[in-house]
Structures are given as structure tokens and as C-alpha cells.
Amino acid sequence: MSRDVAALETLFALPFNDLIFQAQIVHRRHFDPNAVQLSTLLSVKTGGCSEDCGYCSQSARHPTALESQPLMGIEEVVAAASAAKAKGATRFCMGAAWRGPKDKDLKPVTEMIRAVKALGLETCATLGLLKDGQAEQLAEAGLDYYNHNLDTARTHYGNIVHTHSYDERLTTLRSARGAGIKLCCGGILGMGESRRDRAQFLVELAALDPPPESVPLNMLVRIPGTPLSDVPALDPIEFVRTIAVARIVMPTSFVRLSAGRQQMPEALQALCFLAGANSIFYGERLLTTPNPGADADRALFEKLGLHPLPVAAEEAQPQSSACRCA
Ligand code: SAM
Ligand code: DTB
Ligand code: SF4
């Protein structure tokens with residue numbers, strides 16, 4: 001592992017133009033360089049979480065201004081998913097502020113997954129740690145992706161989260177994979193980690209076998225009341241370098257330019273796409289904080305000559321409850 005970390009540190013240290021050139025070569029070998037995948041988020045259960053993740057507005061342990069909301073009804077979820085689809089999203093990700101779902105939570109959540117899948121969208125859920133058997137129930141409902149982030153390097157994790165461990169997160173990732181669900185797994189940059197931590201974090205992601213199909217890289221949104229509210233901002237060029245290294249070490253993964261776009265000028269987002277990001281969260285809200293609206297993103301795509309990636313053929317067909325075996 002330490003040899004791999006050193007190799008990634010060498011990539012990080014390249015002259016910026018050389019690093020971006022390498023990332024572009026890798027990106028163009030595997031993807032249409034001008035296509036960007038669009039995922040829309042919805043917080044289906046907000047706030048009141050037992051965990052103490054230092055970045056999160058939804059922890060019951062941090063004095064943030066957030067108002068908690070219980071699990072949403074299915075009609076509201078379907079309305080939001082339909083609206084996201086009409087605006088061009090191909091994947092819909094439902095997030096719940098839980099340490100992990102209780103068994104009684106799974107019935108309403110699997111109903112949401114079935115209903116969103118039936119609209120012809122790819123489905124993603126982020127519900128926290130999964131207990132034995134839960135991933136299979138999610139898979140059976142038609143869950144395509146499970147989002148569960150490693151968030152940072154193992155060496156830095158203990159500075160950020162104290163209520164669950166890195167290994168517990170790895171176990172949940174294994175359960176999701178074992179049930180046949182694709183992984184959406186990445187993390188947050190700008191939590192006071194060192195460059196070596198960033199290199200180690202990317203080594204941990206790339207070592208998941210195979211690497212996650214989707215890798216969200218979030219720039220920390222500094223939320224008043226959280227322990228990380230005053231951490232110094234990460235240099236934006238270092239953020240771009242991290243995207244480029246992620247692209248090089250996970251050549252076939254979608255790398256998502258995730259939280260933090262609302263605070264980024266267009267030119268910085270353009271550099272992230274140049275470095276190999278090819279997915280975004282699309283829609284005016286992330287979970288509890290704002291995101292650029294669809295109009296702003298359409299204008300940015302127009303300016304950069306980017307186009308949204310169409311939904312995968314096998315997902316495009318809306319499903320009916322009728323038997324499709326004939
Ligand atoms: N409770 C579940 C969990 O922890 O996996 C799911 C929801 S959690 C909010 C999903 C992810 O959002 C976190 O793992 C983290 O990467 C990201 N996130 C949360 N707050 C953030 C913030 N303030 N800035 C950037 N990313 C954040
Ligand atoms: C991920 O990596 N980023 C998303 C999604 N997975 C669930 C969440 C970002 C949250 C940003 C802060 C907020 O809106 O609360
Ligand atoms: Fe936030 Fe998820 Fe941590 Fe709960 S487990 S505090 S929702 S990041």
C-alpha cells in the first residue's frame with residue numbers, strides 16, 4: 001500500500017499541465033470526453049442522525065440550523081424523480097440520514113426504489129451501514145447503485161468520525177457488491193487532510209476490487225455548527241489535481257464532480273471536467289445545501305460543448321408491473 005501511495009504522490013507532484021495531459025489521455029481512451037452523466041439527489045429522511053461525522057449538517061450531535069424531516073411519502077419521492085427525469089437526469093439518488101436502516105425502514109424504502117426504477121431511471125440509495133440481508137432486499141427492489149463513501153484516508157478518518165469505523169464502511173461496501181449492486185463510493189476533499197492522505201484515500205478506492213463504478217468527489221461544504229465549519233479551504237488547483245489522479249488510477253469509473261459546485265466559478269468546474277470528471281449532481285439541491293440550478297448547468301454545458309450522457313439502454317425502458325416474460 002505505501003508503495004502505491006508514493007506512486008500517487010509522484011503523480012500529484014507532476015507539473016499541472018503534464019498531469020492534466022495524462023488524465024486526458026486516460027479519459028479519452030475510455031469515455032466520450034464531452035459526455036457528462038447527470039444524477040439528481042433527494043433527501044428522503046433529513047437530520048437527527050446518531051452519528052458524529054464532522055462535516056455533516058444532519059448529525060443530531062452538531063448544533064446546525066437544520067430542521068429534521070421524517071421519512072418522506074412515496075408520492076413526494078415519485079414527483080421529485082419524475083421532475084428530475086423531465087429535466088434530463090438519468091439517475092436518482094435517495095439519501096437518508098441514518099447510521100443505517102432499521103429492518104422496518106426497508107419496506108418503505110424498497111417501495112420508493114421500485115417506483116423510481118419504474119420511471120426508467122437508474123436508482124441509487126445512500127442509507128448508511130447495512131446489516132446482513134438488507135443489501136439483498138435493496139437489490140431485489142431494483143437498486144442499481146449503493147452510495148457509501150470511504151470519505152477520506154483511513155489515517156485521517158478517526159479525526160472526522162468517532163461513532164463508526166472505516167472497516168464498518170468497507171463491510172457495507174462488500175455487502176452491497178455481494179448482492180450485485182454497483183458501488184458509488186468516494187469522499188470529501190478539504191477536511192484538513194494532507195496530500196499524502198489524499199493519495200492514500202485514492203489508493204483505498206482504487207483497491208476496491210473492482211474499483212467503484214461511480215466515484216463522487218465532494219469539495220467540503222463548510223456548514224456552520226459542524227466541527228469542520230472553520231477548516232481552511234482546500235486550494236482549488238489541489239482539488240483539480242485530485243480529480244486528475246482519480247481519473248488516472250480508476251480509468252473506467254465515472255468520477256463525479258459532486259458537492260461544492262455552488263461555490264465554484266465556472267472556470268474551476270471546466271478544469272475539473274478537463275481533469276477527467278464526467279458526472280455531476282444535477283438539480284438545485286444536494287441533500288441539505290444548494291447546488292447550481294438546471295438552467296445554470298445547461299448554460300455551462302453549452303459554453304463548454306458538453307452534453308448529458310443518455311441513460312443506459314437497459315435502463316431506458318420504463319417498467320410496468322405486468323409480466324415482461326412473454
Ligand atoms: N448517512 C449515510 C452515510 O453516511 O453514508 C448517507 C448520507 S451522507 C450525508 C452521504 C455523503 O454525503 C457523505 O458520506 C459525505 O461524503 C457527503 N457529505 C455530507 N456532508 C457533506 C458536506 N458538508 N460537504 C461535502 N460532502 C458532504
Ligand atoms: C455524495 O458523495 N455526495 C452527496 C451524495 N453522495 C449523497 C451528498 C452531498 C451532501 C452535501 C451537503 C448537503 O447538502 O448536506
Ligand atoms: Fe451525516 Fe451520514 Fe454521518 Fe449521519 S452517518 S452524520 S447522515 S454523514
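What you see is a predicted model, and the numbers here were worked out from it, not measured in a lab. Start at 1 and go down the list; that is how both ligands and their atoms are numbered. Basis for what follows: all heavy atoms, side chains included, without hydrogens, waters or symmetry-related copies.
Contacts between His148 and ligand 1 below 4.0 angstrom, taking non-hydrogen atoms only, involve the side chain exclusively. Under 4.0 Å from ligand 2, not a single heavy atom of Ile223 appears. Contacts with ligand 1 closer than 4.0 Å are made by side-chain heavy atoms of Leu287 only, the backbone lying farther away. Only the side chain of Thr126 comes within contact range of ligand 2, with a heavy atom under 4.0 Å; no backbone atom does. Residue contacts with ligand 1, taken as heavy atom pairs separated by less than 4.0 Å, involve Ile223 solely via side-chain atoms from C-beta onward.
For atom 3 (C) of ligand 1, the closest heavy atom belonging to the protein is Arg169 NH2, 3.7 Å. Atom 8 (S) of ligand 3 has as its closest protein heavy atom Tyr55 OH, 3.5 Å. Protein heavy atom at the shortest distance from atom 7 (C) of ligand 1 is Thr126 OG1, 3.8 Å. Of all protein heavy atoms, the one closest to atom 21 (C) of ligand 1 is Tyr55 CD1, 3.8 Å. Asp151 OD2, 3.0 Å is the protein heavy atom nearest to atom 14 (O) of ligand 1. In terms of protein heavy-atom proximity, atom 26 (N) of ligand 1 is closest to Ile188 CD1, 3.5 Å. Protein heavy atom in closest approach to atom 7 (S) of ligand 3: Ala97 CA, 3.6 Å. If you check which protein heavy atom lies closest to atom 11 (C) of ligand 2, you get Ala259 CB, 3.9 Å. Scanning the protein heavy atoms around atom 2 (Fe) of ligand 3, the nearest turns out to be Trp98 O, 4.5 Å. For atom 3 (N) of ligand 2, the nearest protein heavy atom (residue, atom name, distance) is Asn218 OD1, 3.0 Å.
In this pair, Tyr157 and His164 present their aromatic rings tilted. The plane angle is within the 30 to 60° band.
Inspection of the Arg256 and Ser39 side chains reveals an N or O donor paired with an N or O acceptor under 3.5 Å. Residues Tyr55 and Asp151 bring a donor and an acceptor atom of their side chains to less than 3.5 Å of each other. Using modelled atom types, one finds no donor on one side chain facing an acceptor on the other under 3.5 Å when comparing Asp52 with Ser59.
Look at Glu302 and Arg298 and you find no salt bridge, because none of the NZ, NE, NH1 or NH2 atoms lies under 4.0 Å from a carboxylate O. Using a cut-off of 4.0 Å between Lys/Arg side-chain N and Asp/Glu carboxylate O, Arg198 and Glu9 are scored as not salt-bridged. Lys102 and Asp105 are not joined by a salt bridge, as no carboxylate oxygen comes within less than 4.0 angstrom of a charged side-chain nitrogen. Under 4.0 Å is where a charged nitrogen must lie from a carboxylate oxygen, and between Lys87 and Glu284 no such pair does.
Note on ligand 1: Ala96 sits in its first shell, one or more heavy atoms being nearer than 4.0 Å. Assignment of Ser57 to the shell around ligand 2 is supported, since a heavy atom sits closer than 4.0 Å. Using 4.0 Å as the threshold, Phe281 has a heavy atom nearer than that to some atom of ligand 2. Residue contacts with ligand 1: Gly128 is included, with a non-hydrogen atom under 4.0 Å away.
Shown are Arg241, Gln24, Arg247; of these, the side chain to side chain contact (heavy atoms under 4.5 Å, CB included) with Leu19 is made only by Arg241.
Distance screen at 4.0 Å: atom 4 (Fe) of ligand 3 has a protein heavy-atom neighbour inside the cut-off. At least one protein heavy atom sits closer than 4.0 Å to atom 16 (O) of ligand 1.
Rounding to the nearest 0.5 Å places CZ of Phe281 at 9.0 Å from CZ of Arg91. Atom OG1 in Thr172 sits 6.5 Å away from atom OH in Tyr146 (nearest 0.5 Å).
At distances below 3.5 Å, not a single donor-acceptor pair connects side-chain atoms of Arg28 with backbone N or O atoms of Phe31.
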Would Asp4 and Gln200 count as a side chain to side chain donor-acceptor pair (under 3.5 Å) if you check the C-alpha gap in whole Å, the side-chain angles of each, and the deciding distance to 0.1 Å? CA-CA 8 Å; Asp4 294 347; Gln200 190 184 328; over 6 Å; no
Run the numbers on Leu271 and Phe239 for side-chain contact (heavy atoms from CB on, under 4.5 Å), then give the verdict. CA-CA 10 Å; Leu271 279 178; Phe239 184 79; over 6 Å; no
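Nearest-residue assignment for atom 25 (C) of ligand 1 (options Asn149, Leu127, Leu41, Val221; heavy-atom criterion): Val221. By heavy-atom distance, the residue among Thr288, Leu286, Val215 lying nearest atom 15 (O) of ligand 2 is Thr288. Comparing heavy-atom distances from atom 6 (N) of ligand 2 across Asn291, Asn147, Asp151, Thr289 singles out Asn147 as nearest.
Checked against a 3.5 angstrom limit, the closest N/O atoms of Asn149 and ligand 2 fall inside it. Between Trp98 and ligand 1, at least one pair of N/O atoms sits closer than 3.5 Å. Between Leu287 and ligand 2, at least one N/O pair is under 3.5 Å apart.
Pairing each heavy atom of Leu173 with each of His148, the nearest pair is CD2-O, 3.4 Å. When all heavy atoms of Leu208 and Cys185 are compared, the pair lying nearest together is CD1-SG, 4.2 Å.
For the pair Val26 and Gln22, the minimum side-chain heavy-atom distance is 4.5 Å or more.
At a cut-off of 2.8 Å, Cys53 does not coordinate atom 4 (Fe) of ligand 3 through any N, O or S atom. Among the atoms of Cys56, an N, O or S atom falls under 2.8 Å from atom 1 (Fe) of ligand 3.
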